[in-house]
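Worksheet for the structure shown next.
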Amino acid sequence: MRRTARSSGRWAVGFQVRALWTKTCTPSASIAAARPGTFCMPPAEEIWAPAITVPAYGGHLRTRSQRRSEHGRPLLVRDVRARIGTFPCMTVRVRFAPSPTGFLHVGGVRTALYNWLFARHHGGVTVLRIEDTDRERETAGAIEQIQRSLDWLGLDFDESPRTGGPHSPYLQSERADRYQTAVDQLLEQGLAYRCYQTPEELEAARTAARHTDDPAAPTRLHRDLTAEQISRFEGEGRPAIIRFRTPLEGETVVEDLVRGRIAFEHRLLGDTVLMRGGGDPTYQLANPLDDMAMGITHVIRGEDLLPSTPRQKLLIEALGGTFPTTAHLSMILGPDKKRLSKRHGAASVEEFRDQGYLPHALVNFLALLGWSWDGATEIMSLEELVERFSLERVNSAPAVFDHQKLAWMNGAYLRELEAGAYTTALNAHLADADSPLAGNERLGELVPLVQEKLAAFGEFDALAGSLLDEREPDPTAWAKLQADAQAPAVLDAAITMLTAISSFTPTAIEGALRGICDLLDLKPKHAFTPIRIAITGSTVAPGLYESIAFLGREQALARLQRARAAV
RNA sequence: GCCCCCAUCGGCUAGCGGCCUAGGCCACCGCCCUUUCACGGCGGCUACACGGGUUCGAAUCCCGUUGGGGGUACCA
């Protein structure tokens, strides 16, 4: 069953792109032949090999590369990709799991998008799960805002807090009993234990151990408490946290779809906290447990979560589950090469919407930030992205967010919009911005004048707002007008000429204005500037003839008179 | 400090040992078009971080160095 990507809400028009000037790009035979939904590939045990825990020998003496290649010849990223890039007979299930600590930022969107594209490409299922295990950090309304942003982008999730699904609930705060059950089981099997350290004791031990050869030691201090010690701590009324009993030797190897094989030594991992003193689960417990419970097959997430991967894998395997295949996406950076954040300006989806970006332009741009199809194709519809996307082509290097290219791409999409769709979308933007121009019945007439000039709807008001509204002229432009010695003569001539012509069309107006050039022996460039400032109040505006025609004779003359009086 | 990831033009990237005197897009700089701003067209600038290997041959494989990023939480 092939799903059709769709947008939602009034921004749907953003997807009606008239023409795509993509460079030649024929879908590869393998993609064309791929059957959505299921994948058969022998032998399954090679893919799901549980091994991965191998004895360490002189662990810290070996280099990363040595560990990586110790099983024989050097293991290349592409070897790993080739091995686990195809899947046994199963349905792909991915999840996007944001925590409701704020708005959805571009990094999160890209993660959501890659998950979504991967699932749709393989005919799989998308799950939206909210990771609200830390209620203190939760922001009011964040869940709704995240959902709204995803809706706007056209990323629909098959299972979510809103839609429900076979693995409800999709809010971690409502799954407490499951986490408790798992912890009880681990405790019973001795795979987890109670730790009575106070935060202060832990911190002190950590500081002391920082420069030793076993920096993770402080997490293991209560790993083997005697019965007496336990009853003493209990007697003191100390709250216990639950820690995972991480193996002391050996290492866990993760085979990542974008990074290849990565080995982590157990002794450096320490004993992960699964449950807080208050009995709340931590991310380290809830996240992998839910992935297992929800049948997640592929975890596609940010590189910042890479270091916690071995802990999660260990936990899932301790619980008898199979760790999903992972794909860790590199970070999105600001111009200063630091991780992108609010400091770098627009970072939330809502800001882009407010500035008048089309959802698909953002999607297209983000798809290309860390992934490419052929190195040449830039503009792709959602359907094309779904068809072409693959984790194999995801770049492992971090990427700087290029605002200028996004603006260019948005302009490209805007220019390809049908006039009607353009008008609808522009109007929707103005309405969202509470602009008095929203609903103006002459908006459509202005579209041909501005369409090729705007990179985003947010620029509309500054460019053409003065044609719909009487407003104060730009001071700089006005000063320029007043300083222009030719202005009085030019404006007088314009008033005369525009009064005289019989029909008030752009063509007739052009003729009249050209007449001024002859009359005063001025180049159009010089003659038109005062007129443009008089008419639009700015040096930057839509075509002069069209603007004057749009205003109509009465209004145009009034503006020329006003300017004449000022010079 | 320790662990992990990463490294091609200013930015996004193509490149999987010979097709590379390194291609595309954005940005930038010229020129053309032109009533401003854009759009469009043409041209230009500029990159394989460095040092060692492996190989007949390396941007591509290996090692190291340097640099950047991430993690090191009873955050996610």
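Protein chains get the first letters and strands the later ones, always in sequence-line order, with residue 1 at the start of each. Treat the numbers as computed from the prediction; the structure is a model and nothing was measured.
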remark   = In B/S/- notation (B base, S sugar-phosphate only, - none; protein heavy atoms under 4.0 Å), nucleotides 32-39 of chain B written 5' to 3' is ---BBBBS
task = Starting at the 5' end of nucleotides 41-47 of chain B, put B wherever the base has a protein heavy atom under 4.0 Å, S where only the sugar-phosphate does, and a dash everywhere else.
result = -------
Per [X] side chain, nearest of listed nucleotides [options]:
X	options	answer
A/Arg243	B/A76, B/C74, B/G69	B/C74
A/Glu378	B/C74, B/G24, B/G11	B/G24
A/Thr133	B/G69, B/C74, B/A76	B/A76
A/Ile262	B/C5, B/G69, B/C26	B/C5
A/Arg259	B/G70, B/C26, B/C6	B/C6
A/Leu202	B/C6, B/G1, B/C74	B/C74
A/Gln404	B/A7, B/A27, B/G11	B/A27
A/Ser372	B/C74, B/G70, B/A14	B/A14
A/Arg137	B/A76, B/G10, B/C2	B/A76
A/Asp134	B/C74, B/C4, B/A76	B/A76

Spacing between [X] atom [atom1] and [N] atom [atom2], to the nearest angstrom:
X	N	atom1	atom2	answer
A/Arg311	B/A76	CZ	C1'	13 Å
A/Gln284	B/G71	CD	P	13 Å
A/Leu269	B/C4	CG	P	11 Å
A/Arg339	B/C6	CZ	P	17 Å

message = Ring-plane angle category for A/His222 and A/Phe233, please: parallel below 30°, perpendicular beyond 60°, tilted otherwise.
response =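 Correct class here is parallel.
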Under 4.0 Å, heavy atoms only, any strand: does [X] hit a base, just the sugar-phosphate, or nothing?
X	result
A/Glu303	base
A/Gln197	base
A/Thr101	nothing
A/Ile241	base

inquiry  = If we ignore hydrogens and angles and just use 3.5 Å, is the side chain of A/Arg267 paired with the main-chain N or O of A/Leu248 as donor and acceptor?
reply    =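 Side chain of A/Arg267 to backbone of A/Leu248, a donor-acceptor pair under 3.5 Å: no, none is there.
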Return the nucleotide paired to [N]: Watson-Crick means purine N1 to pyrimidine N3 with N6-O4 or O6-N4, wobble means G-U with N1-O2 and O6-N3, both under 3.5 Å.
N	value
B/A14	none
B/C39	none
B/A49	B/U65
B/C28	B/G44
B/U60	none
B/U21	none

note = Sorted by chain and number, sequence neighbours left out, ring-ring contact (aromatic ring centres under 6.0 Å, His included) with A/Tyr114 holds for A/Phe389
inquiry  = Please report the interatomic distance CD1(A/Ile241) to SG(A/Cys195), rounded to the nearest 0.5 Å.
reply    = 4.0 Å
ask   = When rounded to the nearest 0.5 angstrom, what distance separates CZ in A/Arg137 from OG in A/Ser99?
value =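 So the gap between those two atoms works out to 6.0 Å.
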query = Any side-chain heavy atom of A/Arg259 sitting closer than 4.5 Å to one from A/Leu306?
reply =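 In contact.
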Non-hydrogen side-chain atoms of A/Leu128 and A/Pro98 separated by less than 4.5 Å =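 Yes, their side chains come closer than 4.5 Å.
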When rounded to the nearest Å, what value does the distance between [atom1] atoms of [N] and [M] take?
N	M	atom1	result
B/C45	B/G10	P	14 Å
B/G24	B/G67	P	34 Å
B/C48	B/G23	C1'	13 Å

OP1 or OP2 of [N] versus the side-chain N and O atoms of [X]: is any pair under 4.0 Å?
X	N	result
A/Lys337	B/G11	yes
A/Arg301	B/G70	no
A/Arg194	B/C74	no

task = Kindly determine whether A/Arg245 and A/Arg220 satisfy side chain to side chain contact (heavy atoms under 4.5 Å, CB included), including the steps that lead there.
result = CA-CA 8 Å; A/Arg245 198 180 293 274; A/Arg220 295 190 284 258; over 6 Å; no
inquiry  = Run A/Lys453 and A/Glu459 through salt bridge (Lys or Arg N to Asp or Glu O under 4.0 Å) and show every step you take.
reply    = CA-CA 9 Å; A/Lys453 297 178 191 294; A/Glu459 299 167 359; over 6 Å; no
ask   = Do A/Arg393's NZ or CZ and the ring of A/Trp371 fall within the cation-pi criteria of under 6.0 Å and 45°?
value = no
query = With A/Gln172, which of A/Asn287, A/Asp134, A/Asp132, A/Asp290 fulfils side chain to side chain donor-acceptor pair (under 3.5 Å)?
reply =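 Checked A/Asn287, A/Asp134, A/Asp132, A/Asp290 against A/Gln172; only one passes side chain to side chain donor-acceptor pair (under 3.5 Å): A/Asp290.
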ask   = Is there a donor in the side chain of A/Arg301 and an acceptor in the side chain of A/Ser308, or the other way round, less than 3.5 Å apart?
value = no
inquiry  = Assuming nearest nucleotide by heavy-atom distance, tell me which of A/Thr212 and A/Pro281 is located more 5' along RNA chain B.
reply    = A/Thr212
